[in-house]
Amino acid sequence: MEDLHHAETPATDIPPRFHTGRLPNSKSGDGKPRLLLMGQRRSGKSSISSVVFHKLAPSETLYLETTTHIKKESMHSFMDFQVWDFPGHLDYFDPIIDTENIFQEIGALIWVIDAQDEYLDAIQRLNTTILNLHHTYPTINVEVFVHKVDGLSDDYKSDTFRDISQRVQDELADHGYDNAPVSFYSTSIYDHSIFEAFSKVIQKLIPQLPALENLLNNLCQTCRVEKAYLFDIMSKIYIATDTSPTDIASYEVCSDYIDTVIDISEIYGWDRPAEDGSAELLETGNDDAESLVVFERKGSHYLYLREINKYLALVCIMNDEGPGEKKALLDYDVRRFQEGLKEMFPRTDRDVPPTEGAASGQPSG
Amino acid sequence: MNSTKRHKQRKVLLMGKSGAGKSSMRSIVFSNYVAKDVRRLGATIDVEHSNIKFMGNLMLNLWDCGGQDGFVDNYLTSQRTYVFGSVAVLIFVFDIESREFAADVVSYSNIIRALSENSPSAKVFCLIHKMDLVQSRLRAQLFEERAAYIKSASEGFAETVEFFATSIWDQSLYKAWTQIIYQLIPNAGAIESLLNELAEIIDARELILYERTTCLMVTHVTRVAETSNPFIDRFERISSILKTHKQSMARHTGIPAGSANFASLQIKTGRFMFFITRLTENTNLAASIPASEQVFNSARVNIMLVRPKFAELDIAAKTRPAIQQAFAHSADSEGAPSRERERERERERKGDVFGDENGNGSYRGKGKEREVHAFGGEFED
Ligand SMILES: Nc1nc2c(ncn2[C@@H]2O[C@H](COP(=O)(O)OP(=O)(O)OP(=O)(O)O)[C@@H](O)[C@H]2O)c(=O)[nH]1
Ligand SMILES: Nc1nc2c(ncn2[C@@H]2O[C@H](COP(=O)(O)OP(=O)(O)OP(=O)(O)O)[C@@H](O)[C@H]2O)c(=O)[nH]1
Ligand SMILES: [Mg+2]
Ligand SMILES: [Mg+2]
């Protein structure tokens, strides 16, 4: 309970609109954030959506066909959201298109730029879009994915990234739009970068983020965990991490670890006939999966995973200090973390919420 | 330890035309390459030898034979007895994409002939490789056709030759290599009976013994509860999962993938429990057990106790008397696991296998506290 009290005072200065439980620009407000994937033809929009949300093998995207009409998909996870994959050739402001319908309830506009291709036209079009939206929907988050960077040398990669972000900001400033809310990510479907970028995009849409970070910080402190991630199991997007510096390497190892646990669980978690019985199931007391890996060399890391609910898993990296005793402590604290989370996201758990509107309501201040 | 001279050296020839994918598969299975790295490999010049200590008692002596025509001619002429003498296994790799399949088979026949002259009791495996390049609906038929054709050209080996469809991009590679390795293990039967007893005692649903570096399965035992597991490809899947995990850890920690081994892994769910622990110098044991802390804890302790038995088997390559007695007694003993192991070694040296004098209390069925303890012990290795 103490955690939760603490958690309601956000650590960062987030504008109050994030705490309404609704999204910016939402009119009717069914509360499903919408992620729009836009950009030039063949920039990689459909590939991104298939790899992240449908687990398509990256190499299989070679066979994707060009998108001819807006493809809308609903994702059901710790929070529900929609992904709209646009055809690249569409003029998004053609009067035939119902812009209002598209941009209302938007969570984020993700603009994909192929970094291996000529990108000046793409930037031009992105800026037109931002300027158009600026007047009607000033609060939209614009997220630019500088994409397909796997084919580029490190130097060229960072040059391209800098060049693109510079050009976008400069041109917008020329049109009198300073400090536009545009973020840039360099991404590729062939490594974890696309998942990391998506994680950051989604995190901006989670009203409870500061509270979550607080819970994770507490956990790290009490159990001397090095890094803790709260993962959406299905997409392997992380919806929160503690506020210590994040590096992609630790995200990768945790994400891969989820795969290991899921793959093995699939093999041995099949529906077996009741022979070895429900009594044992009772004995274990829970059916949340948990896992621990201890490495052979002293001084190296070890990993801990715990299923928090149907959608979420907590993954922690720890270093070498008697994992045995620590695990008992961790088990205890993770259970407390789980309680805190349950109150924050009552609807995502299998349990009925204990009290209505426990956490996600209006902040007191 | 004087185990070296007891090693069974087993010579394995890896042949097939240049570019078929021999060095690629060798690097992935034995040197921790990931599939996308193999493009960097150059053509093999002459023969590349590697010695792989597979289990304590099995040393693979792998000959990766460059497939360019000039080299092959040498193998068949001036180096004939040197190359084809005392071969245990020939692995011949066919490239499914090859435009000259008929010519490949002619070359294969020449090699088969040299093999039957010099090592008539060798075992032949044909891998029809790069299957990923064939559309999945055509794969099975194409494989059957090719296999039938190759079989007819296998002369004296036609009855025993085995075929596998493989690709470096999926677990099929592990399936083939697991079968190959199994063929080479000198005392598979003894290992299996020991595993069987262990499985009974700890009430495991399944036990898988695998080699730590390659993650290739040595053998497994499956008991009633697991026999109808719908994932019949689970053994090669597990190899592939564990290998991927190893590589991920290596990338993260910066240690070479060869030494990125875990001391233990455990997964507990409401449906099953699973753990992996070290068994001998080169092998790990993976166990699937019922979802019960009690079974889990006693299994870990019992495995710790049986380790010396497997280690012995590893070296001496001969069957030992049953181990039941050992379990019966040791399950009644008390004391820190590591000390217990010390004492076991001591007793063994005296010829008193696992006798126990001050036995009271039980490892079996202890709660959480015990588990933690077992963990600490694990880590001391
Ligand atoms: N190298 C590389 N290629 C990528 C990446 N992402 C996508 N591609 C390739 O880019 C090509 C086009 O991908 P799509 O996802 O169909 O592009 P799109 O933006 O949906 O195209 P439209 O539907 O026509 O607008 C495919 O051949 C993908 O394999 C990436 O991260 N790296
Ligand atoms: N698509 C596909 N390509 C593969 C596969 N295995 C190997 N290759 C490719 O085949 C090429 C040749 O592989 P190598 O392993 O060097 O061939 P090799 O048989 O050792 O050739 P030599 O040493 O000249 O005898 C490599 O570029 C690999 O990328 C596979 O399963 N699928
Ligand atoms: Mg598309
Ligand atoms: Mg080679």
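Please read all numbers here as calculations on a predicted model, not as lab measurements.
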Minimal non-hydrogen separation, Ile267(A) against Asn229(B), with atom names
O-ND2, 3.0 Å
Could you grab the distance from atom OG of Ser291(A) to atom CD of Gln266(B), nearest 0.5 Å is fine?
7.0 Å
Residue pair Met249(B) / Leu303(A), side-chain heavy-atom distance below 4.5 Å
yes
How long is the gap from CG on Leu242(B) to OG1 on Thr260(A), to the nearest 0.5 Å?
7.5 Å
If you look at every heavy atom in Arg271(B) and Gly269(A), which pair is closest and at what distance?
NH1-O, 2.5 Å
Quick check for you: to the nearest 0.5 Å, what is the distance between Glu206(B) atom CD and Tyr268(A) atom OH?
3.5 Å
So with a 6.0 Å cut-off around CZ of Phe275(B), is the heavy-atom count from everything else above 12?
yes
Which answer fits Thr244(B), side chain, backbone, both or neither, if we ask what part of it has an atom under 4.5 Å from a heavy atom of chain A?
neither
What's the shortest heavy-atom distance between Val261(A) and Ile267(B), and which atoms?
CA-CD1, 4.0 Å
dist Phe231(B):CZ -> Asp263(A):CG (nearest 0.5 Å) comes out at 10.0 Å
Quick one: what part of Ser59(A) sits under 4.5 Å from any heavy atom of chain B, side chain, backbone, both or neither?
neither
Quick one: what part of Glu226(B) sits under 4.5 Å from any heavy atom of chain A, side chain, backbone, both or neither?
both
Lys175(B) atom NZ, over 12 foreign heavy atoms within 6.0 Å:
no
Heavy-atom distance under 4.5 Å to chain B: side chain of Ser255(A), backbone, both or neither?
neither
Is the number of heavy atoms from other residues, nucleotides or ligands under 6.0 Å of Ile232(B) CD1 greater than 12?
no
